[in-house]
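Please read the structure below before turning to the comments.
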Amino acid sequence: MDIKSILLKKFGFEHFRVGQEEVIRNVISNRDTIAILPTGSGKSLCYQLPAYIKNGAVLIISPLVALMEDQVAIMKKNGEKRVVAINSFLAYKDRQRIMNRLDLYKFIFISPEMLMQNNVAEQIKKLKIAFIVVDEAHCISQWGFDFRPDYLRIGEFLKQLERPNILALTATADNQVLGDIINYLRLETPAVHKHSLDRKNISYSMKQMNSEHEKTAWILERTKKTAGPGIIYVASRKRADELAIYLKEHGISIASYHAGMEQEDRAFIQEQFITGEINWICATTAFGMGIHKNDIRQVIHENMSSTIAGYMQEVGRAGRDGDLSAATLLFTEEDIGKTRFIVQNDLPTETEVRHYFNLIKEGSSKNEATQLSGISETGTRIIDYYLERMPMESALLKIKEQKTEKEKQLQNMLHIINGENCIRKSLLKFYGETLVAAPASCCSVCGLGEEDWLFEMKRGNSTRQIVDWADRLARLLQS
DNA sequence: CGCACTAGTTATAAAACTAGTGCGGTGCTTTATT
């Protein structure tokens with residue numbers, strides 16, 4: 001059966017969306033593939049369709065338990081029964097039952113951590129696997145070096161299987177991230193599908209402020225007078241709660257969201273935001289992955305991001321429907337030191353690493369060594385990863401490199417914030433793209449701010465008309 | 001690093017100052033014990 005008829009029969013679509021068909025053809029022809037496709041462009045079809053052509057199960061490595069559960073639920077709703085997620089949500093008994101009959105499933109969702117467990121790995125090795133999917137593959141770069149080293153181990157593990165082909169999926173990847181994906185998944189001459197990251201309907205602005213107070217006042221004004229739905233990203237959990245309460249007291253429909261909350265509450269708030277019961281979300285970086293909401297009009301950053309990659313991920317959640325949207329970043333001079341501290345702090349110092357190493361050598365347990373050396377639990381997991389592979393001096397060097405890399409990323413962000421060049425152009429340049437034509441509402445450097453249409457939207461005018469207006473203006477300026 | 005907060009100091013007491021301390025993101029997993 002050809003893929004078009006499967007598309008129609010299994011999924012009910014007449015045509016592929018942009019990018020899908022090429023990716024699917026690569027997967028079918030047994031080639032390692034990296035697909036950088038925007039969220040909401042139908043990434044899951046890229047592995048679901050080939051799954052029905054090939055023999056064996058599809059293993060989908062996913063970063064979040066909540067995300068897996070969502071995807072399993074959707075697939076079941078669509079009539080696919082042979083789908084399961086292996087994670088800590090499973091009751092012991094269910095897990096035993098499922099692990100013993102893994103061969104019954106066509107789609108198996110799993111976290112990298114679970115995959116590394118011996119008993120799980122043994123069961124997986126027995127399976128006939130059609131191909132492997134690494135969903136949200138940028139997590140390798142973004143989280144693997146920081147606190148989830150099992151992301152770095154995926155490639156090694158897959159080598160033990162009969163090297164099934166790999167499909168890596170993500171929405172954004174600069175060359176650095178792309179390199180990490182290739183290296184750590186050990187991809188062999190992968191086909192890379194990349195589309196432009198230029199989002200014409202997002203207008204970027206960056207504003208320097210003198211104090212936290214000024215930021216708060218600006219955000220209140222903005223949320224009161226301009227259109228939502230929107231996300232406000234803040235730097236700490238405490239601030240997320242406080243700002244949400246403050247804005248709520250001033251009549252804004254808003255809730256906070258961060259990793260310090262119960263899973264249940266997080267899911268509930270996310271749901272309310274998606275359905276429109278809540279207009280704004282005040283969140284840490286915990287919010288966003290796997291959120292399907294097309295009409296987000298604004299993303300406000302109350303602080304600078306520590307990396308451009310992270311900023312692009314967060315900002316990219318705006319305007320998936322194609323209508324005009326605004327991305328606004330506020331910052332003060334003081335933010336720089338604070339941001340630097342947060343990203344550098346979790347990496348242990350040389351003294352701490354040596355102390356930890358000696359304790360282990362002298363026979364201390366891992367727990368003891370962690371406690372006595374004063375290194376965070378996540379920190380020791382990173383050290384362990386290196387120490388398993390190289391002598392201590394090399395491990396120390398790796399951690400040092402990691403610190404340098406973090407500083408470089410922060411400098412890249414600062415460069416854009418303080419730069420005098422068009423923000424869109426600078427962001428695209430970071431991803432190796434050249435800006436062809438700037439839209440009317442480009443960015444705060446280009447001087448075509450977003451204010452007017454944002455206030456208009458609040459008054460209830462259709463955004464579609466406003467897009468037309470912006471297009472007309474763009475054409476006028478070009479001619 | 002830098003901000004916010006607390007405890008201690010001063011010495012008519014009250015408020016105001018100083019020094020010290022705490023706090024700061026992202027998520028998977030999960031044993032034996034409350």
Side-chain angles (χ1 to χ4, degrees), chain A residues 61-69 85-92 95 109-121 134-136 138-154 157 210-216 233-243 256-263 266-267 282-291 301-307 309-311 313-314 331-347 349 365-367 370 376-382 384-385 403 406-407 409-410 413-414:
Chain A
I61 302 172
S62 169
L64 303 179
V65 173
L67 201 62
M68 292 183 223
E69 297 296 323
I86 304 170
N87 57 42
S88 59
F89 269 31
L90 281 177
Y92 182 74
R95 187 171 152 185
F109 288 84
I110 195 165
S111 65
E113 286 81 4
M114 195 58 102
L115 191 61
M116 296 308 143
Q117 289 189 17
N118 283 332
N119 51 348
V120 177
V134 180
D135 200 10
E136 309 286 357
H138 61 276
C139 290
I140 294 171
S141 267
Q142 203 164 292
W143 288 352
F145 300 104
D146 272 9
F147 69 106
R148 292 183 72 179
D150 284 338
Y151 258 104
L152 307 181
R153 295 183 169 107
I154 296 175
F157 173 81
N210 294 314
S211 65
E212 294 303 307
H213 204 78
E214 200 181 329
K215 285 180 179 172
T216 311
Y233 280 108
V234 300
S236 73
R237 297 170 177 188
K238 198 174 147 203
R239 177 63 180 159
D241 289 334
E242 284 171 0
L243 185 60
S256 60
Y257 182 105
H258 54 73
M261 294 161 48
E262 295 293 328
Q263 276 290 346
R266 289 173 66 167
C282 185
T284 60
T285 54
F287 188 77
M289 215 188 277
I291 294 198
H301 281 82
E302 200 203 22
N303 287 277
M304 70 185 66
S305 302
S306 55
T307 65
Y311 175 74
Q313 285 263 332
E314 286 152 14
F331 66 101
T332 63
E333 281 295 321
E334 289 75 46
D335 288 348
I336 304 173
K338 206 164 143 185
T339 307
R340 179 177 291 127
F341 176 83
I342 287 176
V343 293
Q344 293 280 343
N345 181 47
D346 208 36
L347 288 167
T349 63
S365 72
K366 278 205 171 150
N367 277 343
T370 307
S376 68
E377 195 263 342
T378 53
T380 60
R381 254 182 288 155
I382 299 295
D384 289 345
Y385 172 80
K403 289 194 179 186
K406 295 232 181 219
E407 179 61 24
Q409 290 178 343
L410 179 61
M413 189 74 214
L414 289 174

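This is a predicted model, so every value here is computed, not measured. Order of the sequence lines sets the chain letters (A, B, ...), proteins ahead of strands, with each chain counted from 1.
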Between B:dT33 and B:dT26, how far apart are the P atoms? Round to whole Å, please.
-> 32 Å

Those residues at least two apart in sequence (or on a different chain) that pass side-chain contact (heavy atoms from CB on, under 4.5 Å) with A:Thr285 are A:Glu314

Distance alone, cut at 3.5 Å: any donor-acceptor contact between the side chains of A:Ser111 and A:Asn87? no

Handout entry: Flag side-chain contact, heavy atom, 4.5 Å: A:Lys215 against A:Asn303
Key = yes

query = For atom P, what is the distance between B:dG25 and B:dC17, given to the nearest Å?
reply = 32 Å

Is the closest side-chain donor-acceptor distance between A:Thr378 and A:Asp146 under 3.5 Å? no

Check your understanding: Which part of the nucleic acid, if any, lies within contact of A:Arg381, taking any heavy atom under 4.0 Å across all strands shown: a base, the sugar-phosphate backbone alone, or nothing?
Key -> base

Heavy atoms only, 4.0 Å cut-off, all strands: where does A:Met114 land among base, sugar-phosphate and nothing? sugar-phosphate

Output field dot_bracket for DNA chain B (Watson-Crick or G-U, both distances under 3.5 Å, | for other-strand pairs) contains ((((((((((....))))))))))..........

- Across the strands shown, which category fits A:Leu64 at heavy-atom distances under 4.0 angstrom: base, sugar-phosphate, nothing? sugar-phosphate

Per nearest nucleotide of DNA chain B, the residue lying toward the 5' end, A:Phe287 or A:Ser111, is A:Phe287

With C1' as the reference atom in both, quote the distance from B:dG27 to B:dA32 in angstrom, rounded to an integer. 23 Å

Heavy atoms under 4.0 Å, any strand shown: does A:Glu212 hit a base, just sugar-phosphate, or nothing? nothing

Please assess A:Ser62 against A:Asp135 for the test side chain to side chain donor-acceptor pair (under 3.5 Å), listing each intermediate value before the final yes or no.
-> CA-CA 5 Å; A:Ser62 169; A:Asp135 200 10; 4.9 Å; no

Closest to the 5' end of DNA chain B, once A:Arg148 and A:Asp346 are matched to their nearest nucleotides, is A:Asp346

Residues passing the side chain to side chain donor-acceptor pair (under 3.5 Å) test with A:Arg153, sequence neighbours excluded, are A:Asp150, A:Glu388

- Query: So, the side chain of A:Ser305 versus the backbone of A:Thr307: is there a donor-acceptor pair under 3.5 Å, distance only?
  - Reply: no

Outer limits of DNA chain B sitting under 4.0 Å from a non-hydrogen atom of chain A, read 5' to 3', are B:dC1 to B:dT30

task: Would you classify A:Thr339 as touching base, sugar-phosphate or nothing, given that sugar-phosphate means primed atoms plus P, OP1 and OP2, and contacts are heavy atoms under 4.0 Å?
output: nothing

Sequence neighbours excluded, the answer for side-chain contact (heavy atoms from CB on, under 4.5 Å) partners of A:Glu407 is A:Arg340, A:Gln344, A:Leu410, A:Gln411

Residue set satisfying ring pair (Phe, Tyr, Trp, His ring centres under 6.0 Å) with A:Tyr311, at least two apart, ordered chain then number -> A:His301

Rounded distance in Å between the P positions of B:dG24 and B:dT30:
27 Å

Exercise. What nucleic acid atoms does A:Arg153 come within less than 4.0 Å of, heavy atoms only: base, sugar-phosphate, or nothing?
Worked result: nothing

